[in-house]
Amino acid sequence: MKKICLFILIISVLFSAFFVSCKKEAEEKGGGGELVVWNQAEPQSLDWHLIEGVPEHRIYYSLGEGLVSSDPETAEPVPGVAESWEIDPTGTKITFKLRKTTWSDGVPITAQTFVDSWLRILDPKTAAPYAWFPGDLIKGAGDFMEGTAGPESVGIRAVDDYTFEVTLVGAMPAAVSAMSHYAFAIVPLHKIKENPDSWTMPENYVGNGPFVLDEWKPQEILSVKKNDKYWDKKNVKLDRVVYIPTDDDNVGFNMYLNGEVDWAPEVPLEQLDAVKLRDDYVVAPYLGVYYYIFQVEKPPVNDVRVRKALSMALDRKTLVEKVTAAGETAGYSMVPPMAGYDPTPGIGEDLAKAKQLLAEAGYPDGKGFPKLEILYNTSDRHLKIAEFIQEQWEKNLGIKCELVNQEWKTYLDTRKQGEFMVARAGWIADYPDPSTFLDMFGSGKAMNGGKYSNKEFDELIGKASTMKPGPERFAALRKAEDIFITQDQGVMPIYHYVSQSMIDTTKWGGWYPNAMDWHPTKTIYKK
Amino acid sequence: MIKEKSAVLPVNEFNQPDKGVSLTLDAWRRLKKNHMAMAGLVLVIFFILISVLAPVLPIYSYTEQVIDHQYLPPSLTKNAGQLYYERTLGQMNALAEKEKRDLNQEELAALEQIKYRIANETAVINGKEVKVHERRYLFGTDYLGRDMLARVIYGGQISIAIGFVGTITSVLIGIVLGAIAGYLGGKVDYIIMRIVDVIYGLPYMMLVIIFMAIFGRNIINLFVALAVVSWLTVARVVRGQIMSLKNSEFVEAARSSGASTTRIIFRHLLPNTLGVIIVFSTLRIPTFIMLEAFLSFLGLGISAPLASWGSLVGHAVDGMNLYPWRLFFPAAAMTLFLFGMNFLGDGLRDAFDPQGKNKF
């Protein structure tokens, strides 16, 4: 009896301690303006030149700032370190006027900082995963990356301390918008020189964003606090932003439901039925496309008729309504609909025609068709979509498929090397322009794992990159897309994304849904 | 007369024939008295029968997707059409309630259409035209409208197969190597046992994952990978048994009458260690099923649309608050089988244990 009493006593003490600690946490949170973000993954690095993911992008909005930042409502570029900019009449040269501002340790930021930082990301020795982005955009940068030209040939110049000039490959209309991306970030080179390996640690960290790094416990928490040296600090409302790196969708989502997290940028597929009824569920069109990529050198998908048959035999409407079910739209074009650009209609769906094409290719009713492998990265969402497509192709065309899943990094490697037949892929716009969806399929491009190659397509893309913004440029891109999708079916678009977030907008202001799903923390405030 | 008598079976003091009690028979008698173990045995046999007979049982295909029927709850009385209608109505009502309105024209029209489709829609499944909404899902359906009952049964087929095949392979390897090491001793013993030690030292799961990564993901490789890393304990156990037996009289007798080493090991020594091995194997099967479940849970197990209990549970965790049946049935099936197997294993251990032997 005594033992039982003791046991009950211990249990009750433990429980009460637990509740007390929970309560304490809640009180602390109510006090200051602290936003807790479920960030979905541990950041690869806080060195902006070594990252390639969306979770890192969210942190970049707090800790870094490039020439321009983005407007939380429209995702249009707004002044960042650059006060203003001017684009010359040819559209190929942009002159930025920089403001007088400093790093969080007081060292001034000048035009030279930009030159040095951009050369660092382009330098092959840095091995930056996103170096291709400035490399494709800035004149001479590609040659420097390949080592055929020196740094002096790159089209960036510090005219004086506070004037910075960029020469582009062509008149890219979204160039300024692209410069809010972390591939154009500046890094504190004076600090990197001191601590080349540990400069991203909280004790050494120096940044120029609205916040500075406060605490970083890998796999547990990353928090940032207000930067006193930030040029616009009076407009920064939050005291702290906390990033939780949990990569399990359910854990993150449940943390949101329990109020431990204020903003969840993703909703688990299976929770949609319940989530759709909530007021804090925000859905917005998102410039992104989900597609299956064909390895066009591997039989049987080296035959364009097979590729078309596969694409025509998939019921996308049922897929987006029943499987993904968040309001995505069935997609037949590589480029999602965007202002001023009318994407290709694609070849649509037609079961009879699909069967006919397959028969013409030598596989009537799928007879003799080799086992088709579908590669995807391990995730419930991709698995469900793949299972649906597998069943559709088997039922409609008599084709047997095998699903192969790989962990994210292995999958990326396999895809880049073209060691697959059909692979799942998704592409999110880096800047709001159709070319971001088409550029990467040029012959021999690093991202073109499907080995698609068509001279006419390459020429049109090349031509468009030097053209002035306007309808003619869009016409050229449209023609390229027609060739790529409608004529050659280099990939098979499936649906166009929507962004889904859980955030209580009656509690948090300054957060808006937008087509890029970019949410700078600078403007977010507690109502 | 005397000759004849010696050919007759021995009798006890009441002149009843006195049959020799073999170890196996003895164990079986004792096992029969252990009710939990017998219950376990019945359960295990039931599961195995269901799995083996799956193709001829009157169940739906485990890959057939009826996308309208996604996330239907289990029901004994209602057919799929009714559940589908209820689910859609429930969703619409909830949405209307949230927006503080009644169902609008559009939604009512959609409901009417669903009613019509439920009454009339047919589909060709396995070459037969059937009224698709009259299907019944005793265990509910999953995210693509597949029958959970069929998936649990076919999942069981794979899980149980992995349990048995994995155990048999690992036990075979373990017996052969353990027996050789134990009987021959000396250098052979030293080399084999050091190999065992080294593999023991390596992280077990890591080996399986690396193996799968190198040789590709399919069921055969999964079997092999699991077996390759799990024969170690069997080898040690068998070696120990053989070492304790190899100097006994019956081995001496066999050796002096000229039996070869192979014959001694396999005909004389191994049957005497069988008890230990059987017990060990029964306890090993659940471990394999759990391992496969763990691998499937990590996404490294079997590839879709095949299912195993582990993968079914793994995929159900996401929506377990909304669609609990997707988690419950595979988890229950797995738990029951593991219980059965463990009780049976415990019972066998007691039955084969010479220390606890009570005379009949």
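Here is how names work: the chains are called A, B, and so on, in the same order as the sequence lines, proteins then strands, and each is numbered from 1.
- Here the side chain of Gln65(B) pairs no donor or acceptor atom with the backbone of Glu391(A) at under 3.5 angstrom.
- Around atom CE of Met255(A), more than 12 heavy atoms belonging to other residues, nucleotides or ligands sit under 6.0 Å away.
- Within a 6.0 Å sphere centred on NZ of Lys353(A), heavy atoms belonging to other residues, nucleotides or ligands number 12 at most.
- Looking at Leu277(A), the atoms closer than 4.5 Å to chain B (heavy atoms on both sides) sit in the backbone and in the side chain alike.
- With a 4.5 angstrom heavy-atom cutoff, Lys395(A) touches chain B only via side-chain atoms.
- Within 6.0 Å of atom CG in Asn120(B), more than 12 heavy atoms from other residues, nucleotides or ligands are found, so the atom counts as buried in its surroundings.
- Thr63(B) places none of its side-chain heavy atoms less than 4.5 Å from the side chain of Glu387(A).
- Asp380(A) touches chain B through its side chain: at least one heavy atom from C-beta onward sits under 4.5 Å away, while N, CA, C and O do not.
- Other residues, nucleotides and ligands place more than 12 heavy atoms under 6.0 Å from the OH atom of Tyr281(A).
- Considering only heavy-atom pairs separated by less than 4.5 Å from chain B, the leading option among Gln390(A), Lys384(A), Arg278(A) is Lys384(A).
- At a threshold of 4.5 Å between non-hydrogen side-chain atoms, the residues Gln91(B) and Asp273(A) count as touching.
- Heavy-atom contacts from other residues, nucleotides or ligands closer than 6.0 Å to CD of Gln417(A) number more than 12.
- For Leu322(B), the part sitting under 4.5 Å from any heavy atom of chain A is the side chain, from C-beta outward, and nothing else.
- To the nearest 0.5 angstrom, Thr318(A) atom OG1 is 11.5 Å from Leu144(B) atom CG.
- Residues that satisfy the salt bridge (Lys or Arg N to Asp or Glu O under 4.0 Å) test with Glu394(A), not counting sequence neighbours, are Lys400(A).
- Asn254(A) CG to Asn321(B) CG: the interatomic distance, rounded to the nearest 0.5 Å, is 7.0 Å.
- By the neighbour-count criterion of 12 heavy atoms within 6.0 Å, atom NZ of Lys298(A) is densely surrounded, having more than that number from other residues, nucleotides or ligands.
- Residues Tyr323(B) and Glu270(A) approach most closely at CE1-O, 3.3 Å, considering heavy atoms.
- Interface remark: of the candidates Glu99(B), Arg146(B), Met320(B), Arg146(B) forms the most heavy-atom pairs closer than 4.5 Å to chain A.
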